[in-house]
Q: 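Below is a structure I'd like to ask you about.
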Amino acid sequence: MVPQMVLLLCCCLLAFPPHGPLVVEAFVGGYGVNYGRIANNIPSPDKVVELLRRAKIRNVKIYDSDHSVLDAFKGSGINLVIAIPNELVKDMAANTSRSMDWLNQNVQPYLPQTRIVGITVGNEVLGGQDQSLYQPLVDAVKNVYDGLKRLHLERKIELFTPHSEAVFATSYPPSACVFKEELMPYMKPLLDFFAMIGSPFYVNAYPFLAYISDPEHIDINYALFKPNKGIIDPNNSLHYDNMFDAQVDAAYAALHAAGYDNMEVRVAETGWASSGDQNEAGASSENARTYNFNLRKRLFLRTGTPLKPKRPVKAYIFALFNENQKPGAGSERHYGLFLPDGRISYDIGVSGLLPSSASSSVLSIKNVQAGGWILQHWATVLLCSFHFLRAIVT
C-alpha cells in the first residue's frame, strides 16, 4: 500500500509541477534569435516585442544593453541575453568596480521585470584581428562574474563569450577539430573558468559561410539540410547528413581534445543570407528560406548530434531583421527573418506583424510540440488515476 501511494505522489508531481521559485533558465527549448539593430528602418523595441510574441520566439540575444530595449522587454516573459561589446572588454578587465558599475546600470535596475538571463562578454574575440583583447577577455569575464556574485545573480544569469570558427585549427572531419595552438594560452583559462561556473561553449556556426568559401566542393544540399549522401567521419564512422551538426560536433571534438568533455556546445549565431554580392554563391531568398525552415524544424525536434545524440542542440538564429547599415559584404545586410515593417521575409512557419505574400501555410511546429506536451500530460494524469484506483482497491 505504501509503495503504491509513493508512486501515486510521484506521478502527480510530474503531472502538476510545483510553482515555487526556480533558478532562471538561460535558454528555453532549442530555438532563439539574434536581434541586431544596425539599421535605420526597423520597428521600435516595443513593436519588436509584439512581433516576438506573435512568432512565439522565447529566447532573444542582443549585442549591447540598450535601455530602450530593456524597457520594452519588461513583463514580456521573453528570455533576454544582453552584451558587453568588444569596445568595453578592456574597461571591464581593468577592475571589478567598473564591472559592478555596468551591472548596476544595465542589469540590477531591470530585474526581475525584464528577464535578463545571460550576458555575453565580447563577440568573436579570440581568433579576431585585435589580439590586444585576448588577455583582457579572460580578465573581463572573471570580473563580471565577481560582480554577479556580489549581487547574488551568479545562479540566475549565465555568462559566456561567443567564438567564431577562427578559433579552430581544423574542422574537417569533425572528429579531428582542435583549437589553434597559439590561442590556448587564452582559451584554456577561459574554458577552465567556464567549466568551473557551468557555462556552455558558444560558437557561431555558419554553413553558409563554409559553402561560399568552396562552392565547387561542398554540396549545397548538405549545407541546407536537404537530402544528400552526407559524409562519414573516417575516425569514428559517424554519418553526417548536414553541415550544421558537423560544425557542432567539431566544437565538441575540440573541447574533448582540450580536456573539457562535459562542456555543452551551443550555437550563438547561425543563418543564411537571402542576398549578397556576386561572389557570394548561394545567397538567395529560396536558400535562406530552406535553411531556416529546416533548421527550425531540426531544433524543435530537440535531438542531439551524431556525436552527442542525447544532448539536444540549442541555437540562436541570425537574425531578426535585415540590417541595412551593417558594413561588410552584401550578405551582411540580408540575414533577416522579417522585413522592416514586421512582415515575414519568407515562409518558415512563423507569423509577422502584418499579412504577407509569404504568409505561413505550414503547420506550426510549436503547435505540434504543444500537442505532444498535452498528450504526455494527460497520459501522466491517467497513469495517476490508475494507480490511485488500484491503491484504493488494494
Side-chain angles (χ1 to χ4, degrees), residues 33-42 61 63 86 123-124 127-130 162-168 170-172 174 177 202-228 230-231 240-248 250-251 267-299 315-340 343-348 350 356-358:
V33 69
N34 287 282
Y35 170 23
R37 303 189 321 284
I38 306 177
N40 61 6
N41 61 351
I42 59 176
K61 184 161 72 70
Y63 293 89
N86 290 359
N123 184 47
E124 297 188 341
Q129 294 183 345
D130 190 353
H163 300 285
S164 74
E165 297 281 332
V167 300
F168 304 126
T170 180
S171 59
Y172 184 85
C177 185
Y202 274 85
V203 64
N204 294 340
Y206 283 92
F208 169 69
L209 296 180
Y211 174 73
I212 64 174
S213 70
D214 192 11
E216 292 184 5
H217 297 99
I218 296 176
D219 182 359
I220 194 169
N221 293 321
Y222 178 63
L224 291 173
F225 299 92
K226 294 176 74 174
N228 66 96
I231 68 162
Y240 291 88
D241 61 11
N242 69 84
M243 188 184 293
F244 176 81
D245 281 3
Q247 289 182 329
V248 172
V267 176
E269 290 181 15
T270 188
W272 197 284
S274 60
S275 184
D277 297 331
Q278 286 187 349
N279 63 343
E280 294 183 296
S284 70
S285 292
E286 181 58 29
N287 287 340
R289 190 208 71 83
T290 299
Y291 180 80
N292 283 301
F293 175 78
N294 288 335
L295 174 66
R296 183 170 179 262
K297 181 171 66 174
R298 185 252 179 275
L299 293 174
Y316 290 96
I317 311 309
F318 190 86
L320 196 59
F321 300 105
N322 290 337
E323 296 175 78
N324 67 344
Q325 294 182 317
K326 198 168 185 183
S331 60
E332 290 289 342
R333 295 177 287 281
H334 294 92
Y335 279 94
L337 298 178
F338 295 91
L339 300 174
R343 289 179 298 154
I344 58 175
S345 296
Y346 36 75
D347 178 8
I348 62 168
V350 298
S356 169
S357 59

Q: Is Asn287 reaching over with its side chain to a backbone N or O of Gly282, donor-acceptor style, under 3.5 angstrom?
A: yes
Q: Determine yes or no for a side-chain-to-main-chain donor-acceptor pair under 3.5 angstrom, with Glu323 supplying the side chain and Ala39 the backbone.
A: no
Q: Should the ring pair Phe318 and Tyr335 be called parallel, tilted or perpendicular, given that the plane angle runs from 0 to 90° and is split at 30 and 60?
A: perpendicular
Q: Are side-chain heavy atoms of Glu165 and Asn204 found at a separation under 4.5 Å?
A: no
Q: Measure the CG-CD1 distance between Asp219 and Ile231 for me, rounded to the nearest 0.5 Å.
A: 11.5 Å
Q: Would you say the side-chain atoms of Asn324 pair up with the backbone N or O of Arg333, donor to acceptor, closer than 3.5 Å?
A: no
Q: Is a side-chain N or O of Asn242 found less than 3.5 angstrom from the main chain of Tyr222, in a donor-acceptor match?
A: no
Q: Working to the nearest 0.5 angstrom, can you tell me the gap between Ser275 OG and Asn322 CG?
A: 9.0 Å
Q: Quick one, Asn41 and Phe321 - any side-chain contact, counting heavy atoms below 4.5 Å?
A: no
Q: Are Phe338 and Leu320 side-chain neighbours, meaning at least one heavy-atom pair lies under 4.5 Å?
A: yes
Q: Is there a donor-acceptor contact under 3.5 Å from the side chain of Asp241 to the main chain of Gly230?
A: no
Q: With a 3.5 Å distance limit and no angle check, can you tell me whether Ser274 reaches the backbone of Ala288 through a side-chain donor-acceptor pair?
A: no
Q: Just wondering, are more than 12 heavy atoms of other shown residues or ligands nearer than 6.0 Å to CD in Gln325?
A: yes
Q: Mind listing the closest non-hydrogen atom pair of Arg289 and Tyr346 along with its distance?
A: CA-CD1, 3.5 Å
Q: Out of curiosity, Tyr211 OH to Trp272 CH2, how far, rounded to the nearest 0.5 Å?
A: 7.0 Å
Q: Can you find a pair of side-chain heavy atoms, one from Leu295 and one from Phe225, that are under 4.5 Å apart?
A: yes
Q: What distance do Tyr35 atom OH and Ile42 atom CD1 have between them, rounded to the nearest 0.5 Å?
A: 5.0 Å
Q: Where the side chain of Asn86 meets the backbone of Asn123, is there a donor-acceptor pair that is under 3.5 Å apart?
A: yes
Q: Would you say the side chain of Ile344 lies within less than 4.5 Å of the side chain of Leu339, judging by non-hydrogen atoms?
A: no
Q: What distance do Met243 atom CE and Tyr172 atom OH have between them, rounded to the nearest 0.5 Å?
A: 9.5 Å
Q: Measuring only between side-chain heavy atoms, which start at C-beta, is Val350 closer than 4.5 Å to Leu337?
A: no
Q: For Ser331 and Glu280, work out which heavy atoms get closest and say how close.
A: OG-OE2, 2.6 Å
Q: Evaluate Tyr63 against Ile38 for side chain to side chain contact (heavy atoms under 4.5 Å, CB included), listing each step before the verdict.
A: CA-CA 10 Å; Tyr63 293 89; Ile38 306 177; over 6 Å; no
Q: Do the side chains of Lys297 and Asn294 get nearer than 4.5 Å, heavy atoms only?
A: yes
Q: How far apart are the closest heavy atoms of Thr270 and Pro207, and which atoms are they?
A: OG1-CD, 3.9 Å
Q: Is the shortest side-chain heavy-atom distance between Val267 and Phe244 below 4.5 Å?
A: yes
Q: State the OG-CD1 distance between Ser284 and Ile220, to the nearest 0.5 angstrom.
A: 7.0 Å
Q: Count the heavy atoms of every other residue, nucleotide or ligand shown that sit under 6.0 Å from NZ of Lys226, and state whether that count exceeds 12.
A: no
